[in-house]
Amino acid sequence: MRKTELLKGSTEMVLLSLLAQKDMYGYEMIEQLKQLSDGYLHYKEGMLYPALKRLEEKEYLNSYWQDSIEGPKRKYYYATKVGIAQFQDQWEEWNAFQDLIRKVVSHTYEHTQK
C-alpha cells in the first residue's frame, strides 16, 4: 500500500488525536505530525484543510480565530465531545484491525519462511 493511501485512510483519526489534546492551527498541526512521526506524516495544506472542513461538517471539530503576535489571525481547531468520542471509537477499531492484520500476515510470513 502506498504512503498516500495510508495517510488518507488515517487522516481523520490522526487529526482528532491531535485536537483532542489541545487547540491547534493548521501549520502547527502539520509540524506536530511531522515531528511526532519522524517526518513520515507530512501533510500538505491541500490535504489538511479539506480534511479539517469535513471534520467540522461532521461536528467533530469546531474552530475560532485568534490574533497572532507573529502575523495575521490564525484559525484554531479543537475537538468537540462528539469528535473525542469518535476518536476513541476509531482508536479501538484501529487496534482491533491491527491485531487481525498482524495475525494474518504473521501466519503467512511464517509459512513462506519454511
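Residues Leu55 and Gln86 form no side-chain contact, since every pair of their non-hydrogen atoms from C-beta on lies 4.5 Å or further apart. Within the 4.5 Å cutoff, the side chain of Met13 has heavy atoms near those of the Phe87 side chain. Side-chain contact between Tyr77 and Leu15 is absent, with no heavy-atom pair separated by less than 4.5 Å. Taking the side chain as every heavy atom from C-beta outward, Lys75 and Leu52 never approach each other to under 4.5 Å. In this structure, His107 and Val104 have side chains that are not in contact, with every pair of non-hydrogen atoms separated by 4.5 Å or more. When side chains are defined from C-beta on, Met24 counts as touching Leu18, because their heavy atoms get closer than 4.5 Å.
In this structure, a donor-acceptor pair under 3.5 Å is present between the side chains of Glu56 and Ser63.
Each of Leu61 and Tyr27 belongs to its own hydrophobic cluster when Ile, Leu, Val, Met, Phe, Trp and Tyr are linked at side-chain heavy-atom distances under 4.5 angstrom. Cluster membership check: Leu16 does not share its hydrophobic cluster with Phe97, using side-chain heavy-atom separations under 4.5 Å among Ile, Leu, Val, Met, Phe, Trp and Tyr.
Among residues two or more places apart in sequence or in another chain, the side-chain contact (heavy atoms from CB on, under 4.5 Å) test is passed with Tyr64 by Asp23, Gln66, Tyr76, Tyr78.
Remark: the backbone N or O of Tyr25 is paired with a side-chain donor or acceptor of Glu28 at under 3.5 angstrom.
At a threshold of 4.0 Å, the pair Glu59-Lys81 does not count as salt-bridged, since none of the basic side-chain nitrogens sits closer than that to a carboxylate oxygen. Salt-bridge formation is not detected for the pair Arg54/Glu57: no Lys NZ or Arg NE/NH1/NH2 atom is positioned less than 4.0 Å from an Asp or Glu carboxylate oxygen.
Considering CD1 of Ile84 and CG of Asp89, their distance stands at 12.5 Å, rounded to 0.5 Å.
Annotation: Lys34, atom NZ; neighbour count of heavy atoms from other residues, nucleotides and ligands within 6.0 Å is above 12.
Residue pairs that meet the salt bridge (charged side-chain N to carboxylate O under 4.0 Å, His left out) test with at least one member in residues 90-100, sequence neighbours left out, are Asp99-Arg102.
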